[in-house]
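Data block below; observations after.
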Amino acid sequence: MVVDGELVAAVEEERFRRIKHWAGVPLESVQYCLESAGITLAELDVIAINQDSQANLLQKLKFTLGKRPDLSYIVDKVKNRRKRVAIDSILASELASPFLGEVVSVEHHLAHLSSAFHVSPFDQAVVVSVDGFGDFASTAWGVGKGVDIQMDEKIYFPHSLGIFYQALTQHLGFTQYGDEYKVMGLAPYGKPSYLAHMQ
């Protein structure tokens, strides 16, 4: 929740639901953010969604024509997209308040870059997003200046450092999707048992 350029509230839905990687419309988080700002849904100007189905269309088209994925996969993607489009009406219904603003789709990596840069103390900085995948890209980088972010380059599907990292953590025994964070969390507590062998 951003009010007049200032971050007022930010929270993960799973903190309320107590379900890791919970997916769906984050009703509890939205309610919390509205209450933190002291406003209602009707007073919001914009809801930003971190997915833009129009992003990287040329790369998606090239891949689809070259690989010809199963039709059921494409149908599933279209169904998921329709659910996201209706977020404003879902929120209005569940929170018993009209939404009079605009729903804006933000390309996945631009959303990552913005969430880091726009709340940082820097007026200008290099910005990098490395992920599994989002909007058909796995990595993006560029420069943030003032309120703008210029994305210079992206790495597209199927290439992904995030998926490579996931494969390594699965090899270590962290087999569930999302378990990768455990390796990052445990790393500072490890003992350098192999250090003696390296000297």
Is a side-chain donor or acceptor of [X] paired with a backbone partner of [Y] at a separation under 3.5 angstrom?
{"X": "E13", "Y": "E28", "answer": "yes"}
{"X": "S160", "Y": "G132", "answer": "yes"}
{"X": "E12", "Y": "R15", "answer": "no"}
{"X": "H118", "Y": "V147", "answer": "yes"}

message: I want to check something: taking the side chain as every heavy atom from C-beta on, are I155 and V130 in contact at a cut-off of under 4.5 Å?
response: no

Distance-only polar pair, side chains of H109 and D135, donor-acceptor under 3.5 Å: no

task: State, without any angle test, whether T169 and Q166 hold a side-chain donor-acceptor pair at a distance under 3.5 Å.
output: no

task: Mind checking side-chain hydrogen bond (donor to acceptor under 3.5 Å, both in side chains) for Q170 and listing every partner two or more places apart, or none if nothing turns up?
output: none

message: Are F63 and F136, when compared by the centres of their aromatic rings, separated by less than 6.0 Å?
response: yes

task: Kindly state whether the ring of F16 and the ring of Y32 have centres lying under 6.0 angstrom apart.
output: yes

- request: For K145, look at atom NZ and say whether over 12 heavy atoms of other residues, nucleotides or ligands are found less than 6.0 Å away.
  value: no

- prompt: Got more than 12 heavy atoms from elsewhere within 6.0 Å of CG, L161?
  reply: no

task: Only pairs at least two apart or in different chains count here, so list each salt bridge (Lys or Arg N to Asp or Glu O under 4.0 Å) that has a residue in residues 169-185.
output: D179-K182

- request: Give a yes/no verdict on a cation-pi contact between K60 and F157, requiring under 6.0 Å between NZ or CZ and the six-membered ring centre and an angle within 45° of the axis.
  value: no

